[in-house]
Amino acid sequence: MQTILTDFYTLESHEKTEGGSFISHIRLNKDHDIFKGHFPGNPVTPGVCMMQIVKELTEEFTGSKLFLKTASNVKFMAIINPFETPDLQLQLDITENGEDVKVKNTTSFGETIALKMSVSYKK
């Protein structure tokens with residue numbers, strides 16, 4: 001998988017459920033340079049990085065290069081500290097219709113939901 005977030009995360013595993021969702025488990029690299037600046041002494045995973053991870057995983061599962069069209073209902077619900085909660089689960093409900101790809105995402109660690117969003121991409 002090609003990524004602009006080099007060494008930011010590792011895709012540990014993924015599976016497609018009977019309902020058609022993709023469940024991915026990733027591990028954040030707590031030593032990545034991004035966390036040295038965001039924020040020093042109190043690392044927080046940037047929301048834009050989480051949105052990029054969703055895009056990259058969707059590209060992996062669809063086999064298509066994607067471009068973001070719209071993002072709606074983006075809700076950051078918990079802080080993701082890579083030292084405390086580096087292991088994340090992402091559920092991606094992907095719907096393809098011609099050149100359009102829609103994704104509903106829920107990202108969590110343990111029982112805590114950290115991010116919910118709906119995005120639309122163009123192939």
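For the numbers below, each heavy atom of this structure counts, side chains included, while hydrogens, waters and symmetry mates do not.
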Same cluster or not: are Leu68 and Val54 linked, directly or through other Ile, Leu, Val, Met, Phe, Trp or Tyr residues, by side-chain heavy atoms under 4.5 angstrom apart?
-> yes

How long is the gap from NZ on Lys30 to CZ on Phe83, to the nearest 0.5 Å?
-> 5.5 Å

Flag for Asn105-Thr107: side-chain donor and acceptor within less than 3.5 Å | yes

Worked check of side-chain hydrogen bond (donor to acceptor under 3.5 Å, both in side chains) between Thr95 and Asp93 | CA-CA 7 Å; Thr95 306; Asp93 299 326; over 6 Å; no

Any side-chain hydrogen bond (donor to acceptor under 3.5 Å, both in side chains) pairs touching residues 110-123, not counting sequence neighbours?
-> Glu96-Lys123

Decide yes or no for Ser108 and Leu88: does some side-chain heavy atom of the first lie under 4.5 Å from some side-chain heavy atom of the second?
-> no

Do you reckon Ile34 sits in the same ILVMFWY cluster as Phe39, going by side-chain contacts under 4.5 Å, direct or chained?
-> no

Residue pair Cys49 / Leu5: nearest heavy atoms and the distance that separates them | O-CD1, 3.7 Å

Point-to-point distance, once rounded to the nearest 0.5 Å, from CD1 of Ile113 to CZ of Phe76 = 14.5 Å

Do side-chain atoms of Thr85 reach the backbone of Asn81 as a donor and acceptor pair under 3.5 angstrom?
-> yes

Min side-chain heavy-atom separation Asp100-Lys69 under 4.5 Å = yes

State, with a plain yes or no, whether a side-chain heavy atom of Ile53 is found less than 4.5 Å away from one of Phe8.
-> yes

Any link between Val74 and Val103 through a network of hydrophobic side chains (Ile, Leu, Val, Met, Phe, Trp, Tyr) touching at under 4.5 Å?
-> yes

Which atom pair, heavy atoms only, marks the closest approach of Ile23 to His25?
-> CG2-CE1, 3.8 Å

Check Phe109 against Ile80 and note the closest heavy-atom contact, atom names and distance.
-> CE2-CG1, 4.1 Å

Identify the heavy atoms of Met50 and Thr45 that sit nearest to each other, and give their distance.
-> SD-CG2, 3.7 Å

Heavy-atom side-chain proximity of Ile26 to Thr10 below 4.5 angstrom | no

Student check: side-chain heavy atoms of Met117 and Lys75 closer than 4.5 Å | no

For Pro82 and Pro43, which heavy atoms make the closest approach, and how far apart are they?
-> CD-O, 3.7 Å

Indicate yes or no for a side-chain donor-acceptor contact from Lys104 to the backbone of Leu92 under 3.5 Å, with no hydrogens or angles considered.
-> no

Correct closest heavy-atom pair for Asn29 and Phe35 would be O-CE1, 3.3 Å

So Thr58 and Leu66, side-chain contact (heavy atoms from CB on, under 4.5 Å) or not? Walk me through it.
-> CA-CA 8 Å; Thr58 303; Leu66 302 173; 3.5 Å; yes

Assert yes or no for the condition that the ring centre distance of His14 to Phe61 is strictly below 6.0 Å.
-> yes

Please determine which of Glu56, Arg27, His32 meets the side chain to side chain donor-acceptor pair (under 3.5 Å) test together with Tyr9.
-> Glu56

